[in-house]
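Before any comments, here is the structure.
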Amino acid sequence: MHTLTGTTVVIIGGASGIGLAVAREVVAEGATVVLGGRDTTRLDRAVTELGTSADAAVVDTTDKASIAAFFDRLDRVDHLFTPGASYGRGPLTEISDELAESPFRSKFWGQYYAVKHALPRFSSTGSVVLMGGAYGARPPVDGAAYAACNAAIEGLGRALALELRPIRVNVVAPGLVDSDLWTKVPASVKDENFASYREKALISRAGSVAEIAHTVRYLMTNTYTTGSVLYPDGGYALR
Ligand SMILES: NC(=O)c1ccc[n+]([C@@H]2O[C@H](COP(=O)([O-])OP(=O)(O)OC[C@H]3O[C@@H](n4cnc5c(N)ncnc54)[C@H](OP(=O)(O)O)[C@@H]3O)[C@@H](O)[C@H]2O)c1
């Protein structure tokens, strides 16, 4: 298996939630991390927590030039994980075009261009872990474009695994995760989503960021896994 000791792991969206949980795991294993995100205060706080093995820079995944500039300052990338995305979702007849298109703009094209700009610095033994979501396999009733975006990311992962080999490319597609993302929505929206998820998943609860980080670490280190999609979702997609 590939060890993370001595590697450089780049995590766009690494200042909080799932990204920060992955950063904690890989630093504990001896990797250096470079975190990306939009908010310098949040990035600084994460770097302080992670210690001397961490560095950070501002990047916005909705902005191609910002993604290019982020990677320009890096010498080497061994592993790339890209959960940083800002988007909304809503019913077809109610959502604005701007919001409906936001998952593709930030989560799909953001990850596409992150891989593109990381590539000149990528080690041949490295890997990419794209962030998808179980809604790609089992859509919610109020998020057609968001569900389609997650399904498209699964296709992107398979296509890039072919195109970029020997670099391995995989997708993690979590179900509902109790991350910092849910502190940004009204409590009633969070409660409704979590209650509905408890009913639908085989394991009747949301996942933890540590459970998703464990899956991401597996995808980074298992040298025989490429072109795969893993669903740490408590059985949501199955039922
Ligand atoms: N939580 C869930 O239930 C769940 C389920 C399935 C999939 N996901 C996926 O997980 C990712 C979110 O992770 P999370 O749940 O851990 O939420 P989170 O804690 O809100 O983390 C998102 C991170 O991404 C950064 N970010 C947001 N928009 C960005 C942008 N445009 N450019 C660069 N960085 C950006 C945020 O920092 P700044 O705001 O400072 O930029 C933040 O650190 C998304 O891709 C989401 O689709 C989440």
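As the structure lists them, so they are numbered: ligands from 1, and atoms in each ligand from 1.
- The closest donor-acceptor contact from the side chain of Asp55 to the backbone of Val33 lies at 3.5 Å or more, if one exists at all.
- For ligand 1, the polar-atom distance check finds no N/O of Pro174 at less than 3.5 Å from any of the ligand's N/O atoms.
- For ligand 1, the atoms closer than 4.0 angstrom to any heavy atom of Tyr87 are 44 (C), 46 (C), 47 (O).
- Close N/O approach between Thr62 and ligand 1 is not found [any backbone or side-chain N/O within under 3.5 Å].
- Within the structure, ligand 1 lacks Tyr197 among the residues with a heavy atom less than 4.0 angstrom away.
- If you look at Arg38 next to ligand 1, the close heavy atoms, those under 4.0 Å, come from the backbone and the side chain alike.
- Using a 4.0 Å threshold on non-hydrogen atoms, atom 36 (C) of ligand 1 does not count as touching the protein.
- Ligand 1 is never approached by Ser66 to a heavy-atom distance shorter than 4.0 Å.
- Distances shorter than 4.0 angstrom do not occur between any heavy atom of Tyr135 and any atom of ligand 1.
- Tyr197 and Ser204 share no side-chain donor-acceptor pair at under 3.5 Å.
- With 3.5 Å as the limit, one finds no donor-acceptor pair spanning the side chains of Asp60 and Ser66.
- Residue Phe194 does not touch ligand 1, judged by heavy-atom distances below 4.0 Å.
- Against a heavy-atom cut-off of under 4.0 Å, Ser86 is close to the following atoms of ligand 1: 28 (N), 30 (C), 31 (N).
- No continuous path of hydrophobic side-chain contacts links Ile212 to Leu176 [ILVMFWY only; heavy atoms under 4.5 Å].
- Residues His2 and Thr223 bring no donor and acceptor atom of their side chains to less than 3.5 Å of each other.
- In the vicinity of Gly17, heavy-atom distances shorter than 4.0 Å reach the ligand 1 atoms 16 (O), 19 (O).
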Practice prompt. Decide yes or no on side chain to side chain contact (heavy atoms under 4.5 Å, CB included) for Leu80 and Phe71, but give the supporting numbers first.
Written response: CA-CA 11 Å; Leu80 174 65; Phe71 284 102; 3.9 Å; yes
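- Protein heavy atom nearest atom 30 (C) of ligand 1, with residue, atom name and distance: Thr61 OG1, 3.3 Å.
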Worksheet entry | Worked verdict on Tyr87 versus Tyr146 for side-chain hydrogen bond (donor to acceptor under 3.5 Å, both in side chains) | CA-CA 8 Å; Tyr87 54 82; Tyr146 180 58; 3.1 Å; yes
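- Cation-pi geometry between Lys190 and Phe194 is satisfied (NZ or CZ under 6.0 Å from the ring centre, within 45° of the ring normal).
- Put simply, part of Gly175 is less than 4.0 Å from ligand 1, judged by heavy atoms.
- At a heavy-atom distance under 4.0 Å, only side-chain atoms of Ser106, from C-beta outward, approach ligand 1.
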Worksheet item: Could you walk me through whether Tyr112 and Leu160 pass the side chain to side chain contact (heavy atoms under 4.5 Å, CB included) check?
Response: CA-CA 9 Å; Tyr112 177 99; Leu160 289 177; 5.7 Å; no
Worksheet item: Is there a side chain to side chain contact (heavy atoms under 4.5 Å, CB included) between Val115 and Leu130 once you walk through the steps?
Response: CA-CA 9 Å; Val115 175; Leu130 298 177; 4.1 Å; yes
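- Numbered from 1 in the order shown, with element, the atoms of ligand 1 that lie under 4.0 Å from a heavy atom of Gly132 read 7 (C).
- Numbered from 1 in the order shown, with element, the atoms of ligand 1 that lie under 4.0 Å from a heavy atom of Leu176 read 3 (O).
- When only interatomic distances are considered, the shortest N/O to N/O separation between Pro83 and ligand 1 falls below 3.5 Å.
- A donor-acceptor pair shorter than 3.5 Å can be found between the side chains of Ser106 and Thr61.
- Ranked by closest heavy atom to atom 42 (C) of ligand 1, the top entry among Ala173, Ala85, Gly19, Ser16 is Ser16.
- Although no hydrogens or angles enter the test, the distance criterion places no donor-acceptor pair under 3.5 Å between the side chain of Arg168 and the main chain of Gly126.
- Listed by number with element, the atoms of ligand 1 under 4.0 Å from a non-hydrogen atom of Leu181 are 12 (C), 15 (O), 17 (O), 18 (P), 19 (O), 20 (O).
- Summary of contacts: the protein heavy atom closest to atom 15 (O) of ligand 1 is Ser179 OG, 2.6 Å.
- Residue Lys184 approaches ligand 1 through these ligand atoms, each under 4.0 Å from one of its heavy atoms: 18 (P), 20 (O).
- Applying the 4.0 Å criterion to heavy atoms of Asp39 picks out, from ligand 1, the atoms 40 (O).
- With Arg42 contributing its side chain and Gly37 its backbone, the two residues share no donor-acceptor pair below 3.5 Å.
- In terms of protein heavy-atom proximity, atom 16 (O) of ligand 1 is nearest to Ile18 N, 2.7 Å.
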